[in-house]
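For reference, the structure discussed in these notes is given below.
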Amino acid sequence: MKILVTNDDGFYARGLWLLARELSKVGDVVIVAPDREQSAVASSMTLHHPLRVRKVRSALEGVPSYSVEGTPSDCVILALGRILTEKVDLVFSGINEGANLGDDVLLSGTVGAALQGYFKGIPSVAISVGAIKDIHFEVAAKLAGVLARKIGDIPREVLLNVNLPNLPLDKIKGIEVTKLGRRSFGDKVVEGNDGKREYYWIVRGEPQWQPSEGTDVKAFIEDKISITPLYTDLTSASALAKLKKLPRELLDNLK
Ligand code: MN
């Protein structure tokens, strides 16, 4: 089994290497990751300048590794389109430092990279641990290995977004398959002056949680591992019904 491993925390992030190490027990792993941190770039891709790829001496024997001057999505596109000549069976993105819950999935570079695998019809998994320091990567890495072995049982029409609480295995209260909840950040704009000019800095505020039943947010705050099957239809079925009359009204007002 050929496994592509990437992330959005950058080539030198610990979570990337722990993930690759565990997955290399399951299949042939190749790392293609951004050369620097690219958190919150979502699925953005680079179209307006060339991308350089560097083959880097790998910290893991038998795991070729490449660092890319681009986004997580760029990494997956380059890996699948050029760097890897064989068929890729699985794309793993992570292990991210920080949870990607609820509305985060639309901003997350970790999920963005997995989306590129999903777009190509390859089973893809984004995996994150909900902490930014003193991170327990070990359960996430182990779970990634277990999931990789079971990937044939996962429906092909989804990508998996996995979030773990930052706890050792004996403190984790279970694993739940969830739907996306609502978690948004009240982003703030901080203004300053660098001595020459004004600048603005976007700062992430405290997360606002809506821990409704059955959601990733609720599982996470209850110290459970959350696995959310994602697909990319963002259409609201309920609004579709409510907006039935809108085209007629708009048309009438255009006259
Ligand atoms: Mn990140």
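When reading the values below, keep in mind they use all heavy atoms of this one structure, side chains included, and skip hydrogens, waters and symmetry mates.
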Exercise. When you measure from the side chain of Asn7 to the backbone N and O of Gly94, does any donor-acceptor pair fall under 3.5 Å?
Worked result: no
Problem set entry | Gap separating the CZ atom of Arg14 from the CD atom of Glu97, nearest 0.5 angstrom | 8.5 Å
Exercise. What are the two closest non-hydrogen atoms of Val32 and Thr6, and how far apart are they?
Worked result: O-OG1, 2.7 Å
Exercise. Roughly how far apart are Leu115 CG and Ser124 OG, rounded to 0.5 Å?
Worked result: 8.5 Å
For this session: Measure the shortest side-chain to side-chain distance between Arg197 and Asn193 over non-hydrogen atoms and say whether it is less than 4.5 angstrom.
Result: no
Exercise. Can you list the steps and then say if Phe119 with Thr232 is a side-chain contact (heavy atoms from CB on, under 4.5 Å)?
Worked result: CA-CA 9 Å; Phe119 288 149; Thr232 47; 3.9 Å; yes
Exercise. Got a second to check how far Ile127's CD1 is from Leu19's CG, nearest 0.5 Å?
Worked result: 7.0 Å
Exercise. Got a sec, which pairs hit ring-ring contact (aromatic ring centres under 6.0 Å, His included) with one end in residues 7-30, sequence neighbours left out?
Worked result: Phe11-Trp17
Exercise. Are side-chain heavy atoms of Val41 and Asp8 found at a separation under 4.5 Å?
Worked result: no
Exercise. Looking only at heavy atoms, what is the nearest atom pair of Gly130 and Phe220, with distance?
Worked result: CA-CZ, 3.6 Å
Seminar exercise, completed: In this structure, SG of Cys75 is separated from CD of Glu69 (nearest 0.5 Å) by 11.0 Å
For this session: Please check if the side chain of Asn166 supplies one atom and the backbone of His136 the other of a donor-acceptor pair under 3.5 Å.
Result: yes
Problem set entry | Validation row: Gln116, Val91 side chains within 4.5 angstrom (heavy atoms) | no
Problem set entry | Distance in Å, Leu234 CG paired with Leu106 CG, rounded so as to fall on 0.5 Å steps | 6.0 Å
Exercise. Can you list every salt bridge (charged side-chain N to carboxylate O under 4.0 Å, His left out) pair that touches residues 220-229, not counting sequence neighbours?
Worked result: Lys173-Asp223, Glu176-Lys224, Lys218-Glu222, Glu222-Lys224
For this session: Please indicate whether Lys2 has more than 12 foreign heavy atoms, meaning atoms of other residues, nucleotides or ligands, lying under 6.0 Å from its NZ.
Result: yes
Exercise. Under 4.5 Å between any side-chain heavy atoms of Trp209 and Ile221, yes or no?
Worked result: yes
Problem set entry | For Pro211 against Val217, the heavy-atom pair lying closest together | CA-CG1, 4.0 Å
Problem set entry | Asp9 side-chain N/O to Gln38 backbone N/O, donor-acceptor pair under 3.5 Å | no
Exercise. So with a 6.0 Å cut-off around CD of Glu86, is the heavy-atom count from everything else above 12?
Worked result: yes
For this session: Answer yes or no: does atom CD1 of Ile132 have more than 12 heavy-atom neighbours from other residues, nucleotides or ligands under 6.0 Å?
Result: no
Exercise. Is there a side-chain contact between Leu78 and Leu51 (heavy atoms, below 4.5 Å)?
Worked result: yes
For this session: Please indicate whether Lys255 has more than 12 foreign heavy atoms, meaning atoms of other residues, nucleotides or ligands, lying under 6.0 Å from its NZ.
Result: yes
Exercise. Short question: side chain of Ser73, backbone of Ser43 - any donor-acceptor pair under 3.5 Å?
Worked result: yes
Exercise. Can you get from Val125 to Val30 by hopping between Ile, Leu, Val, Met, Phe, Trp and Tyr side chains that sit under 4.5 Å apart?
Worked result: no
Problem set entry | side-chain contact (heavy atoms from CB on, under 4.5 Å) between Leu180 and Val105, intermediate numbers included | CA-CA 9 Å; Leu180 284 183; Val105 299; 3.7 Å; yes
For this session: Determine, using the 4.5 Å side-chain heavy-atom cutoff (strictly less than), whether Ile151 and Val177 are members of one ILVMFWY cluster.
Result: no
Exercise. CG of Asp194 to CD of Glu198: how many Å apart, nearest 0.5 Å?
Worked result: 9.5 Å
For this session: Could you walk me through whether Leu4 and Leu80 pass side-chain contact (heavy atoms from CB on, under 4.5 Å), step by step?
Result: CA-CA 9 Å; Leu4 170 64; Leu80 299 178; 4.2 Å; yes
For this session: Please check if the side chain of Thr215 supplies one atom and the backbone of Glu213 the other of a donor-acceptor pair under 3.5 Å.
Result: no
Exercise. Do Val68 and Asp35 come within less than 4.5 Å of each other through their side chains, counting heavy atoms only?
Worked result: no
For this session: Kindly indicate whether the side chain of Leu250, heavy atoms from C-beta on, has any atom under 4.5 Å from the side chain of Asn253.
Result: no
For this session: May I ask you to check whether Thr110 and Ser128 show a side-chain donor-acceptor distance below 3.5 Å?
Result: no
Exercise. Crowded around Arg204 CZ? As in, over 12 foreign heavy atoms under 6.0 Å?
Worked result: yes
Exercise. Are Leu147 and Val88 joined in one hydrophobic group, where the rule is that I, L, V, M, F, W and Y side chains link up if heavy atoms are under 4.5 Å apart?
Worked result: no
For this session: Of all the heavy-atom pairs spanning Pro64 and Lys55, show the shortest one and how long it is.
Result: CB-CE, 4.2 Å
For this session: Step through the shown structure and confirm whether more than 12 heavy atoms of other residues, nucleotides or ligands are within 6.0 Å of NZ on Lys142.
Result: no
Seminar exercise, completed: Between Ser24 and Val63 the two heavy atoms that sit nearest each other are CB-CG2, 4.1 Å
For this session: Evaluate side-chain contact (heavy atoms from CB on, under 4.5 Å) for Ile225 paired with Ile172, printing each intermediate quantity in order.
Result: CA-CA 7 Å; Ile225 296 170; Ile172 292 176; 3.8 Å; yes
Exercise. So, does Ser93 use its side chain to make a donor-acceptor pair with the main chain of Val111 at under 3.5 Å?
Worked result: no
Exercise. Is a side-chain donor or acceptor of Tyr118 paired with a backbone partner of Ala113 at a separation under 3.5 angstrom?
Worked result: no
Exercise. Does Thr228 use its side chain to pair, donor to acceptor, with the backbone of Leu230 at less than 3.5 Å?
Worked result: no
For this session: Report yes or no: do Leu23 and Ile31 belong to one cluster of Ile/Leu/Val/Met/Phe/Trp/Tyr joined by side chain heavy-atom distances under 4.5 Å?
Result: yes
For this session: Kindly work out whether a path of hydrophobic side-chain contacts (I/L/V/M/F/W/Y, heavy atoms less than 4.5 Å apart) joins Phe137 to Val26.
Result: yes
Side-chain donor/acceptor pairs under 3.5 Å, residues 153-161, sequence neighbours excluded:
from	atom 1	to	atom 2	distance (Å)
Arg156	NH2	Gly121	O	2.6
Asn161	ND2	Asn100	O	2.9

Seminar exercise, completed: Partner of Arg182 under salt bridge (Lys or Arg N to Asp or Glu O under 4.0 Å), picked from Asp103, Asp104, Asp216, is Asp103
Seminar exercise, completed: Correct closest heavy-atom pair for Phe92 and Ile3 would be CD1-CG2, 4.4 Å
Problem set entry | Heavy-atom side-chain proximity of Glu138 to Leu18 below 4.5 angstrom | no
Exercise. Just wondering, are more than 12 heavy atoms of other shown residues or ligands nearer than 6.0 Å to CD1 in Ile202?
Worked result: no
